[in-house]
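Everything on this sheet refers to the single structure shown next.
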Amino acid sequence: MSEISKNFNHQAADNYWYNHALQQGYFNSTPDEREPYTIVIPPPNVTGVLHMGHCLNNTIQDILVRRARMQGFNACWVPGTDHASIATEAKVVAMLRERGITKSSLTRDEFLSYAWEWKEKYGGIILQQLKKLSCSLDWSRTSFTMDDDYYKAVIKIFVQLYNDGIIYRGLRMVNWDPVSKTALSDEEVIFKEIDSKLYYVKYFLADNTNQPINQSTNQQFIMVATTRPETILGDVAICVNPLDDRYKNWIGKEVLVPIINRKIKIIADDYVDIEFGTGALKITPAHDKNDNEIGKKHQLKSINTLDEEGRFTTAELVNENPSEQVLAYNGIDRFELRKIISDDITKLNQLEKIEDYKGQVGTSERTGAIIESRLSLQWFMDMKTFMKKHPQTLSSVMNDEIKFHPAKLKNTYNHWLENIKDWCISRQLWWGQRIPAWYDENGNFVVAENEEKAKELFNLKFKIKNSKLLQDEDCLDTWFSSWIWPMEVFKGISNPNNEEANYYYPTTTLVTGHDIIFFWVARMIMAGYQFKNQLPFKDVYFTGMVRDKQGRKMSKQLGNSPDLLELIEKYGADAVRFGIMISSPAGNDLLFDESSLEQGRNFNNKLWNAMKLVKMWEGRKSEESEESGESEELESHTHGLSDFPTFWFSNRLNEAKLEVENLMKQFQLSAALKIIYSLIWDDFCSWYLEWVKPGFEQPIETNVYNKTVEFFDELLQMLSPFMPNITEEIYHQLKERNHDLTIKQNTKHQTPNKQILEQGKLLKNVITTLREARAKNQLKPKEEIVLYIQTQNKNSYFSIQNILAKQINAKEIKFVNEAVSNTTVVAIESDKFYMVSDKEIDIESLKEELQKDLSYQKNFLQSVIKKLSNDKFAANAKPEVLAFEEKKKADALARIKTIEESLVNL
RNA sequence: GGGAGUUUAGCUCAGUUGGUUUAGAGCAUCUGCCUUACAAGCAGAGGGUCACAGGUUCGACUCCUGUAACUCCCACCA
């Protein structure tokens, strides 16, 4: 075997073992007799690049999948990407612009061929990046939400839901993104508080002669406060609260809209808040949802003054003979227009004042553009009807058939579903599944899976032999395709009841960010009940958001988002995985700090060095103990060194395995990793290896060596799901093998022996206490001592005394029945330890220490006695609590006695 | 405006039905060590009236009420 390198070479190991696993097909899954463990990846945007959020998310999935694989499940983790219509279309449009092509100059087919070209070239980079993280995905199953079958599946469910009466088409006020020129669902709108202005505008009373106003200051007016003066030309009424005394006499009168001088009525509705602004609200049904509601209620017309890009248009004003001033507004952007109209109203002396105002404004999740409310014809899903049909969508989560981790998100889920609104599923985009509705020139339409069927249906429905049908120009919301992801990656919709879908679906666990609980998680549950009549997964692990160490969101603007690939290059995949997991309490936000990656790298180093140490022993096994079990026994007893550490560690290992198992069941991955980390670093390296370590150039008992390698194997196996590459590398360095760790099956842990664990604790405690005493006496590590132990139960020290001697550098340990005077003394429980060294001891400081301890113990004793002498405590406390307090008292008394005796002997 | 959650060591967090010494861990800090696996290390140490004020109880970090601060979700008061 070649020379072992000084440090772990993560670059080489990451590549080698990941590729090795791919070649061996370890990550591929096909249905068999085993129980499946299925996870579908939350498909990242096809335009995406790997960021810290993905890193957290996918590391967790990989740990779960790798662990399941080692536990005998048929583990299957399905990769893929989402076509992300808005984001991708925006990127393609931007690319075309660079080439000097505008989208409007292209036909739909031409545009789509550019889009596909783009997708083939840049799409899916993120999947390659996941390989760098060593994600054990079954790449042969890579899916895309616009694959042919997937596309057909989406169309199929659309038609089905339409026929079920759940999908409908309607004229509604929608959230309009003027940048991407499409409608958005409510979930895609993010409200942000922004600084804006409140404009106080005078609306003059229309005089009876219907003449345009002259600018006389005596004219009566009603003052309206608005944040959006640019919509004034679309005003159709002024609304006041009927209970507002200020305006009682105004109701029913008419005022003139500034600039355009349209006569509008003053109406009353208790929607208006008397307290806000002036208590008078201008009604613009074309540009505000609430205004639209009021408009409908009072049968007002709606006048749209903004086009699809948010620019002024006089299209709906032509009947009013717009003035040249108004015509000049044509094509002006809404925000520029706001300023111009504000100026123009000022010129008319109709602007009273402008106040600063902080308001909530809806923005597009994708483009960040400020949303316009716009009346348009869109496709919707009737969610109330849907929920009536599938109440399990809610109940399955509330009764934990689908378990949320953390469970508190059940409330959020519940609240959203109980107040659910219709889902706008159409988008005015080309990149996506095109809505399968066909229209004739009169607006009659049918919904069908393809044109041929549409024609058939059309003829049947409308009894017209009209074959000139045009398909809807719009496509579907991306989430309308991703909500069937867990089933359609197994062709569960396009090829129902196929073997794979039946085997892998429902999936086992979903791991995703809590920010898409409505977008995606809720809708997958809906889809599960709608299309398969069962839940889509059993557990949902919600990750928090990754923030920087100051708690800020990671964003490109702040520049606080580290380059993940660089970090992997620098620290290695294992260290990155370790770093992100160790600081990741389940369900909470994660404050990312590069120092946790250093901790991961240091852990790599620790493991590597432990391996180097054990390898060093390999050639130094003592031969005699190999002969028979009997002599091993004999030797162990005579030396007393090898027996205890191996016995203790095997029990400690079982104890930790048990803890890890329980934590993993509760998805406490971070806590589980901490247990493993401490087990390896503290128990294995700091204690066990030191205990069995032979003296300089001394041989090691073969039995102990073999046990040590076995322990190491087990530790590597526990750690493997978290840090797959270094564990595999060490597993093979440690010993010649013809199999790999990553698919090695776990063995069941055994019940740990409590007694030996207690003895281990005692030993550690004694060692630490004596080392502390050595340090206080400024004894150098090399200075030897003689230790005298005064104890009632010598037996508990027999098996550990040699280890103890080695660990505290004692040349001799003796048992005594009485105090040894003029020595450093420490007490543990009722046992006393006297340290004798050549070095003179500092009696004064020793006394001081003992006095300090004594007063602590006395205070403590007081508190216990007080408790015990309380009659009510004695009467009410449980017997075991009482007994425990009695023991505390006895121990404290014993210690006080010990300390006092020691003080006398000094 | 409504709802949910959080507040424990310098930082990030554990603390399971109230009792396991006067509350734990990791990181950071301090002290001493280049001891032949590891200075990316070893051996130790210090550091918290458990946000605040009441209450229930023999006993409260834990249960109840109130207060404060912060976070998130939902809701288009123009």
Side-chain angles (χ1 to χ4, degrees), chain A residues 4 6-7 175 186 189 191 198-199 224-228 239 271-273 275-284 288-291 357 359-362 371 373 406 408-409 411-412 415-416 419 514-515 517-518 544-545 549 551 582-585 588-591 593 595-596 598-617 666 668 670-671 674 677-678 685-686 689-690 693 696-697 767-768 771-772 774-776 778 780-782 807 809 856-857 859-861 863-864 867 870-878 880-882 884-885 887-889 891-892:
Chain A
I4 300 167
K6 183 170 185 294
N7 290 319
N175 309 299
D186 289 345
V189 178
F191 283 90
L198 200 53
Y199 298 79
V224 170
T226 178
T227 54
R228 303 204 59 195
C239 190
Y271 165 79
V272 177
D273 179 355
E275 303 295 320
F276 190 89
T278 62
L281 171 67
K282 73 185 196 67
I283 303 297
T284 322
D288 186 282
K289 260 185 204 167
N290 292 315
D291 289 11
Y357 179 73
Q360 294 278 333
V361 170
I371 295 303
S373 287
K408 65 180 176 186
L409 283 168
N411 289 332
T412 312
H415 187 257
W416 185 74
N419 299 289
H514 63 61
D515 53 331
I517 181 170
F518 308 134
M545 190 171 290
K549 65 176 168 184
I582 204 76
S583 49
S584 166
N588 288 342
D589 282 358
L590 174 153
L591 302 193
D593 184 352
S595 71
S596 68
E598 273 173 40
Q599 198 187 341
R601 181 202 54 189
N602 296 353
F603 188 35
N604 274 348
N605 192 45
K606 190 71 183 176
L607 282 162
W608 192 252
N609 278 297
M611 185 267 287
K612 272 167 37 185
L613 178 66
V614 175
K615 283 300 280 183
M616 230 169 66
W617 298 342
Q666 302 163 58
Q668 307 261 5
S670 185
K674 276 176 185 154
Y677 175 74
S678 167
C685 293
S686 296
L689 288 180
E690 293 298 333
K693 189 193 231 174
F696 185 54
E697 295 196 336
I767 293 171
T768 305
R771 277 174 176 169
E772 187 192 340
R774 283 186 62 116
K776 284 208 171 115
Q778 294 172 332
K780 291 263 157 61
K782 278 177 182 160
Q807 295 285 278
N809 197 17
Y856 174 89
Q857 291 298 334
N859 281 339
F860 176 63
L861 181 66
S863 74
V864 176
K867 202 178 209 178
N870 182 332
D871 293 341
K872 286 187 176 171
F873 173 72
N876 291 313
K878 281 179 277 183
E880 59 267 31
V881 174
L882 217 55
F884 191 75
E885 292 298 321
K887 185 178 182 298
K888 273 154 65 171
K889 184 180 165 186
D891 286 352

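Chain A is the first sequence line, chain B the second, and so forth, proteins listed ahead of strands; every chain is numbered from 1. Because only heavy atoms are used, hydrogens play no part in the values below, and waters and symmetry mates are left out as well, while side chains stay in.
Atom pair A:E772:CD and B:rA45:P shows a separation of 5 Å (rounding to whole Å applied). Taking atom CG of A:L409 as the reference point, atom P of B:rG3 lies 19 Å away to the nearest angstrom. Between the CG atom of A:L591 and the P atom of B:rG10 there is a distance of 17 Å, rounded to whole Å. Across the protein-nucleic acid pair, A:H514 atom NE2 and B:rU6 atom C1' stand 13 Å apart, rounded to whole Å. Here the P atom of nucleotide B:rA25 and the CD atom of A:Q668 are 19 Å apart, to the nearest Å. The separation between A:D589 atom CG and B:rC70 atom P is 17 Å, rounded to whole Å. As rounded to whole Å, 8 Å separates atom C1' of B:rC72 from atom NZ of A:K408. In this entry the distance linking CG of A:L590 with C1' of B:rC27 reads 14 Å, nearest Å.
Across all strands, A:S583 comes closer than 4.0 Å to no nucleic acid atom at all (heavy-atom distances). Nucleic acid contact for A:Q857: none, since no nucleic acid atom lies under 4.0 Å from a heavy atom of the residue. Within the nucleic acid shown, A:C239 has no heavy atom closer than 4.0 Å to any nucleic acid atom. Counting any heavy atom pair closer than 4.0 Å across all strands shown, A:D291 reaches no nucleic acid atom. Within 4.0 Å (heavy atoms only), A:N870 reaches sugar-phosphate atoms of the nucleic acid but no base atom. Residue-level contact check: A:Y199 touches neither bases nor backbone, having no heavy atom under 4.0 Å from any strand. In this structure, A:Q599 reaches the sugar-phosphate backbone alone: every heavy-atom distance under 4.0 Å involves primed, P, OP1 or OP2 atoms, never a base. Within the nucleic acid shown, A:L281 comes within 4.0 Å of at least one base atom, counting heavy atoms only. Looking at heavy-atom distances under 4.0 Å, A:V224 makes no contact with the nucleic acid at all.
The nucleotide whose nearest atom lies closest to any side-chain atom of A:F860 is, among B:rA4, B:rC42, B:rU22, B:rU22. The A:K782 side chain lies nearest to B:rU35 when the options are B:rC74, B:rC38, B:rU35. With distances taken from any side-chain atom of A:R601 to the nucleotides B:rC27, B:rA40, B:rG19, the minimum falls on B:rA40. Comparing B:rG19, B:rA40, B:rA37 against the side chain of A:N7 picks out B:rA40 as the nearest. Of the listed nucleotides (B:rA75, B:rC38, B:rA37), B:rC38 has the atom at the smallest distance from the side chain of A:N605. In the set B:rU21, B:rG5, B:rA78, B:rU21 carries the atom at the smallest distance from any side-chain atom of A:K888. Nearest nucleotide to the side chain of A:F884, out of B:rC27, B:rG44, B:rU20: B:rU20.
Separation of atoms CE (A:M611) and CH2 (A:W608) is listed at 3.5 Å; rounding is to 0.5 Å. The distance from the CG atom of A:D291 to the OH atom of A:Y271 is 7.0 Å, given to the nearest 0.5 Å.
Annotation: B:rA45 and B:rA4 have their P atoms spaced 45 Å apart (nearest Å). The C1' atoms of B:rG10 and B:rU62 are separated by 26 Å, rounded to the nearest whole Å. Straight-line distance between the C1' atoms of B:rU22 and B:rG59: roughly 15 Å, to the nearest whole Å. Only the C1' atoms considered, B:rU8 is 16 Å distant from B:rC70, to the nearest whole Å. One P atom belongs to B:rC72, the other to B:rG46, and the distance between them is 39 Å to the nearest Å. The same atom, P, is picked in B:rA37 and in B:rU21; the two are 37 Å apart, to the nearest Å. The gap from the C1' atom of B:rC27 to that of B:rA9 amounts to 12 Å, rounded to the nearest Å. The same atom, P, is picked in B:rU49 and in B:rC61; the two are 14 Å apart, to the nearest Å.
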Checklist line | Stepwise side chain to side chain donor-acceptor pair (under 3.5 Å) test for A:N870 and A:K867 | finding: CA-CA 5 Å; A:N870 182 332; A:K867 202 178 209 178; over 6 Å; no
Notebook entry, point to check: Can you check side chain to side chain contact (heavy atoms under 4.5 Å, CB included) on A:F860 and A:D891, steps first, answer last?
Noted result: CA-CA 11 Å; A:F860 176 63; A:D891 286 352; over 6 Å; no
Check: Hey, mind stepping through A:W416 and A:I517 against side chain to side chain contact (heavy atoms under 4.5 Å, CB included) and telling me if it holds?
Finding: CA-CA 10 Å; A:W416 185 74; A:I517 181 170; over 6 Å; no
Check: Checking side chain to side chain contact (heavy atoms under 4.5 Å, CB included) for the pair A:D288/A:R228: CA distance, chi angles, key distance, verdict?
Finding: CA-CA 10 Å; A:D288 186 282; A:R228 303 204 59 195; over 6 Å; no
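Pairing each heavy atom of A:D589 with each of A:H514, the nearest pair is OD1-NE2, 4.0 Å.
For the pair A:R771 and B:rG44, the criterion of a side-chain N or O lying under 4.0 Å from OP1 or OP2 is met. Phosphate proximity of B:rG41 to A:N602: present, with a side-chain N or O under 4.0 Å from OP1 or OP2. Within the 4.0 Å cut-off from OP1 or OP2 of B:rC42, at least one side-chain nitrogen or oxygen of A:K606 is found. Contact between the side-chain N/O atoms of A:Y357 and the OP1/OP2 oxygens of B:rA78 is found at a separation under 4.0 Å. Phosphate contact (OP1/OP2 of B:rG44, side-chain N/O of A:T768, threshold under 4.0 Å): present. Contact between the side-chain N/O atoms of A:K872 and the OP1/OP2 oxygens of B:rU57 is not found at any separation under 4.0 Å.
Taking 3.5 Å as the limit, the base of B:rA37 and the side chain of A:E690 contain a donor-acceptor pair of atoms between them.
Take the nearest nucleotide of RNA chain B for A:K6 and for A:N419: the residue whose nucleotide is more 5' is A:K6. Taking for each of A:K282 and A:L613 the nucleotide of RNA chain B with the nearest heavy atom, the 5'-most of the two is the partner of A:L613.
Using a 30° and 60° split on the angle between ring planes, A:F276 and A:Y357 fall in the perpendicular class, above 60°.
Base pairing in RNA chain B gives the following stems of 3 or more Watson-Crick or G-U pairs, range against range and under 3.5 Å: B:1-7 with B:68-74, B:10-13 with B:24-27, B:29-33 with B:41-45, B:51-55 with B:63-67.
In the displayed structure, A:E880 atom CD is contacted under 6.0 Å by more than 12 heavy atoms of other residues, nucleotides or ligands. Annotation: A:K549, atom NZ; neighbour count of heavy atoms from other residues, nucleotides and ligands within 6.0 Å does not exceed 12.
One N or O on the side chain of A:N419 and one on the backbone of A:H415 form a donor-acceptor pair closer than 3.5 Å.
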